[in-house]
Visitor: 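This is the structure I want to talk about, given as structure tokens.
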There are 4 protein chains.
Amino acid sequence: MTMLLTNETVRFVSEANTLPNRTVSYRKCVTIIGMERRTGRPRSQESRDAILLAATQLVVEQGYAAASIEKIAQRAGVGKQTIYRGWPSKGDVLMEALARKADVYIPMPDEGSWAADLRKMLNDSYTLARAPQIGELLRALMVEAQLDPVFGERFREEFLQRRRAALATLVDRARDRGDLPPGLTADVVADVVYGVLWYRLLAVPGPFDDQLADSLVALLTTGK
Amino acid sequence: MTMLLTNETVRFVSEANTLPNRTVSYRKCVTIIGMERRTGRPRSQESRDAILLAATQLVVEQGYAAASIEKIAQRAGVGKQTIYRGWPSKGDVLMEALARKADVYIPMPDEGSWAADLRKMLNDSYTLARAPQIGELLRALMVEAQLDPVFGERFREEFLQRRRAALATLVDRARDRGDLPPGLTADVVADVVYGVLWYRLLAVPGPFDDQLADSLVALLTTGK
Amino acid sequence: MTMLLTNETVRFVSEANTLPNRTVSYRKCVTIIGMERRTGRPRSQESRDAILLAATQLVVEQGYAAASIEKIAQRAGVGKQTIYRGWPSKGDVLMEALARKADVYIPMPDEGSWAADLRKMLNDSYTLARAPQIGELLRALMVEAQLDPVFGERFREEFLQRRRAALATLVDRARDRGDLPPGLTADVVADVVYGVLWYRLLAVPGPFDDQLADSLVALLTTGK
Amino acid sequence: MTMLLTNETVRFVSEANTLPNRTVSYRKCVTIIGMERRTGRPRSQESRDAILLAATQLVVEQGYAAASIEKIAQRAGVGKQTIYRGWPSKGDVLMEALARKADVYIPMPDEGSWAADLRKMLNDSYTLARAPQIGELLRALMVEAQLDPVFGERFREEFLQRRRAALATLVDRARDRGDLPPGLTADVVADVVYGVLWYRLLAVPGPFDDQLADSLVALLTTGK
DNA sequence: ACTTAATCGAGACGGTACGTCTAGTCTTTAC
DNA sequence: GTAAAGACTAGACGTACCGTCTCGATTAAGT
């Protein structure tokens with residue numbers, strides 16, 4: 001069988017097999033799924049790293065508006081084409097940069113009670129978002145998702161929805177334990193938890209404080 | 001006959017019998033079709049209106065990324081300078097366009113109880129945001145606030161904070177009535193109400209539904 | 001009557017009236033043919049001058065291959081768009097630069113005899129081409145004419161043919177005087193005179209010497 | 001003795017021994033001068049052929065500007081490196097392509113008289129240049145000689161000077177026979193003959209006609 | 001048969017330039 | 001006396017090539 005593998009097909013394949021949601025070069029993928037390597041010079045991992053580092057630095061130091069492809073390439077000491085070859089859009093660069101930065105493991109606590117689970121989840125998420133580099137990247141990603149609808153779709157599916165799904169798992173577990181306040185659905189919990197997170201990131205300059213987390217826990221653990 | 005021929009008029013004339021769908025400055029147009037020409041200066045308000053209309057249309061029809069100052073000016077039949085003269089940034093144009101569109105009066109209901117007040121506030125806000133033109137403008141404003149920090153500051157103060165303040169008034173009134181669940185502060189209420197609103201606007205493509213509003217009311221009216 | 005006016009038609013009009021063969025902006029053209037001026041900021045003569053100077057310097061100092069639009073703009077302290085606005089191609093920039101340099105008046109001597117006229121014409125032409133800056137520009141123009149066929153057509157019509165025509169005038173006058181060797185046509189004279197000129201410019205690094213001019217005069221004044 | 005052989009040294013050697021002026025791979029050269037052959041995979045003659053064919057086709061079909069190394073390699077089904085390995089510049093590829101096409105033997109007629117020799121030489125040269133594929137290649141070579149001075153030097157020495165030398169041989173022979181018009185030197189003859197040839201190729205779109213050849217013969221055979 | 005070594009196609013690498021678009025400013029003429 | 005028109009410098013966009021550099025695979029010659 002002959003088959004033409006592109007980044008697109010690779011991404012599809014990797015998702016179909018529930019692989020990690022990073023943009024994956026076809027080279028790695030074919031290694032993973034056991035096919036032969038492609039010809040030609042392999043993509044440079046050093047260049048990839050330099051690009052992700054440069055993108056992160058620019059966003060953090062000078063803001064998203066200053067993070068042009070041109071400047072990223074220049075700071076990374078890389079040709080522009082190398083960026084276009086590796087990612088379908090600037091947003092995807094940032095999404096992978098964020099994944100690198102915060103190894104984006106989605107916390108799946110099991111602390112024994114809904115209140116403790118929720119508290120842990122909130123702490124993890126808010127601590128992450130409070131880190132300045134992470135916060136800047138998150139804001140940039142949300143902006144890019146609005147400016148580039150195609151990337152926006154990817155961002156929602158690969159980033160936002162996964163976090164909603166993780167929270168839904170906690171909710172399901174709480175419901176099984178009979179721990180969940182009546183009338184609370186996974187969607188509402190996610191809307192409140194992530195709504196407040198993003199709203200504080202984008203709309204209110206101040207940081208998250210523990211008091212806010214306390215209030216949310218109280219809100220979401222109180223039966224009617 | 002003396003006649004001022006520009007590339008634009010010429011192209012318009014040549015297309016006049018076929019495809020009149022180009023943007024044409026009204027000034028030239030009225031000359032061609034024989035109406036009285038306007039003289040003097042009282043162009044200002046019409047230009048403002050045309051600019052706000054053009055900005056709204058572009059954002060709604062083609063998305064924020066397509067709404068450049070250049071295109072707004074062209075569609076409005078206006079010089080770019082007229083825009084720069086009237087507003088300090090593109091975000092401010094959009095903010096005024098939104099104000100025109102939704103007459104953005106901030107609802108201050110007094111329905112007799114915290115639950116009813118909150119419900120009314122939620123309904124008003126979410127109905128507004130659900131209107132497609134308004135939603136697009138809001139998304140554009142939040143993007144611009146991230147890209148242009150100076151405008152962002154203005155947007156927070158003049159738009160976001162006012163809405164938080166209005167909600168705070170309701171909370172204060174409820175507290176005075178002894179109606180408010182214990183442990184609930186105006187800030188937490190605002191974070192939840194507007195957090196969910198913006199999160200649904202920016203991060204989740206689906207519309208707000210009444211069920212979500214119900215859940216939020218339940219959440220925010222239940223004592224611990 | 002409807003009429004479509006473009007820069008191209010304007011150029012045609014200006015040529016139809018045997019105006020100087022410079023690329024002419026429509027603004028100047030309508031002035032020439034008596035129409036009103038256009039609105040908007042006028043094109044900057046200083047920018048035009050800087051562009052032509054920079055182009056000449058780059059061609060002369062670093063050779064034609066180094067004379068990119070980008071470098072010309074940078075050295076001239078000018079936006080690229082200003083170049084694209086003013087000339088349809090890089091070749092046209094060089095053609096105008098040459099016109100500036102050598103005020104490209106086409107010598108039309110009348111020395112009383114075919115031999116003297118020819119000698120004068122040869123001296124003028126070869127002296128011009130021998131000047132290093134002129135020679136480099138001429139070589140660049142001929143290269144560009146090969147690389148860009150559209151410009152090539154313009155170059156042939158507006159530059160090469162005019163010089164052939166001037167020489168033809170001398171030949172006609174000589175024939176009227178009965179001064180011309182039999183069997184010599186204007187085309188053959190032009191092919192020999194300009195053929196040798198361009199061949200020495202492009203193919204033989206050495207300069208033109210007076211001896212060569214002497215030989216050509218002898219050749220073209222001798223009856224069979 | 002150990003010696004590092006490169007294409008450059010090989011060319012020097014081959015020229016020092018007045019071998020044919022084709023670009024010669026060192027493999028062939030060392031065979032010629034009797035050294036041991038190196039190991040490794042031999043260069044592919046099929047690739048060389050495909051490259052020359054592709055280059056010729058691209059120049060003829062789409063013009064010189066379209067004949068990039070990248071497109072030549074792609075059309076030939078060849079890696080770019082194979083081209084860079086075989087020729088020092090694009091001009092050299094074209095020079096060999098021309099040699100293949102027109103087997104570029106330089107005609108050395110001996111027709112018994114200066115007039116007949118010259119006529120034969122003119123006919124041969126002009127017939128060749130009139131062939132469309134040859135003409136396009138010649139124009140491309142002259143352009144490349146201007147753009148790439150290093151190749152230009154090679155082109156002048158290996159191509160242009162050889163043709164001048166051949167013509168000079170005819171002139172010498174004529175002078176020996178007492179056949180040459182007085183005052184005519186080999187250089188002047190070459191300047192006129194090849195000047196007209198290249199000028200018609202580069203500057204005048206029309207073809208060479210026999211009448212022009214007649215006129216040149218008349219011009220160059222007439223004593224003062 | 002096995003090693004050595006240079007070539008092959010392929011294609012990524014850091015760069016430069018292309019021609020277009022927009023930002024925000026500046027300068028005319030028209031009304 | 002302001003508006004439209006549009007030119008100005010500046011710089012990013014995404015694409016095409018440049019000449020170089022890996023890759024795995026191929027192809028002889030010399031063990």
Side-chain angles (χ1 to χ4, degrees), chain A residues 25 27 36-44 46-47 50 66-74 76-86 89-90, chain B residues 4 6-8 25-28 37-44 46-47 68-71 73-74 76-85 89-90, chain C residues 25 27 36-44 46-47 66 68-74 76-86 89-90, chain D residues 25 27 36-44 46-47 66 68-74 76-86 89-90:
Chain A
S25 92
R27 192 171 304 281
E36 294 295 310
R37 287 192 92 195
R38 298 295 311 270
T39 63
R41 178 175 177 173
R43 301 244 174 115
S44 158
E46 284 131 40
S47 292
S68 61
I69 297 269
E70 207 123 296
K71 279 188 192 152
I72 294 171
Q74 194 182 348
V78 141
K80 280 199 290 178
Q81 199 64 33
T82 302
I83 300 180
Y84 289 113
R85 220 181 272 123
S89 81
K90 194 166 63 174
Chain B
L4 184 70
T6 70
N7 278 335
E8 309 311 313
S25 126
Y26 84 94
R27 192 175 300 277
K28 293 169 190 168
R37 185 184 287 221
R38 306 287 307 259
T39 66
R41 308 192 286 275
R43 167 74 167 154
S44 176
E46 284 160 35
S47 291
S68 61
I69 296 272
E70 208 123 293
K71 280 188 190 153
Q74 195 185 346
V78 140
K80 282 200 290 179
Q81 197 68 294
T82 304
I83 299 180
Y84 287 113
R85 214 180 282 122
S89 82
K90 193 166 65 174
Chain C
S25 91
R27 184 178 308 282
E36 294 294 313
R37 282 193 95 194
R38 299 290 315 278
T39 64
R41 177 177 179 174
R43 301 246 172 113
S44 158
E46 284 132 40
S47 292
S68 61
I69 295 271
E70 207 123 296
K71 279 188 192 153
I72 293 171
Q74 194 183 347
V78 141
K80 281 199 289 177
Q81 198 64 30
T82 302
I83 300 180
Y84 287 113
R85 216 181 278 120
S89 82
K90 195 168 61 175
Chain D
S25 91
R27 188 177 305 280
E36 288 299 305
R37 185 184 279 224
R38 303 291 308 272
T39 64
R41 178 177 180 172
R43 299 229 176 128
S44 158
E46 283 148 35
S47 291
S68 61
I69 295 272
E70 208 122 292
K71 279 187 191 155
I72 293 171
Q74 196 184 346
V78 140
K80 280 200 291 177
Q81 195 69 300
T82 303
I83 300 180
Y84 288 112
R85 216 181 279 120
S89 83
K90 195 167 62 173

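Letters A, B, ... are given to chains in the order of the sequence lines, protein chains preceding strands, and every chain is numbered from 1. We use all heavy atoms of the structure for the numbers below, so side chains are in, but hydrogens, waters and symmetry mates are not.
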Visitor: Measure the spacing between CZ of A/R85 and CD1 of A/I83 and express it to the nearest 0.5 Å.
Guide: 10.5 Å
Visitor: What is the distance from CD1 of B/I83 to C1' of F/dA3, rounded to the nearest Å?
Guide: 13 Å
Visitor: Reckon D/S47 has a side-chain N or O less than 4.0 Å from the OP1 or OP2 of E/dT7?
Guide: no
Visitor: Looking at every heavy atom in both D/G79 and D/A73, which two are closest together, and how far apart are they?
Guide: C-CB, 4.3 Å
Visitor: Taking any heavy-atom pair under 4.0 Å as a contact, classify C/T82: base, sugar-phosphate, or nothing.
Guide: base
Visitor: Ignoring hydrogens, what is the shortest heavy-atom contact between A/A76 and A/A50? Give both atom names and the distance.
Guide: CB-O, 3.5 Å
Visitor: Indicate for each nucleotide in nucleotides 10-17 of chain F, in 5' to 3' sequence, whether protein heavy atoms under 4.0 Å reach the base (B), only the sugar-phosphate (S), or nothing (-).
Guide: B-BBBB-B
Visitor: Taking all heavy atoms of A/A67 and all of A/I72, pick out the closest pair and write down the distance.
Guide: O-CD1, 4.1 Å
Visitor: What is the separation between atom CZ on C/R43 and atom P on F/dC8, rounded to the nearest whole Å?
Guide: 6 Å
Visitor: Looking only at side-chain atoms of D/P42, point me to the closest of E/dA30, F/dA28, F/dT9.
Guide: F/dA28
Visitor: With sequence neighbours left out, write down each residue that passes side chain to side chain donor-acceptor pair (under 3.5 Å) with A/T82, or none if nothing qualifies.
Guide: none
Visitor: What is the distance, rounded to the nearest whole Å, between atom CZ of D/R41 and atom C1' of F/dT26?
Guide: 4 Å
Visitor: Using the salt bridge (Lys or Arg N to Asp or Glu O under 4.0 Å) criterion, which residues pair with D/K80? Sequence neighbours excluded.
Guide: D/E70
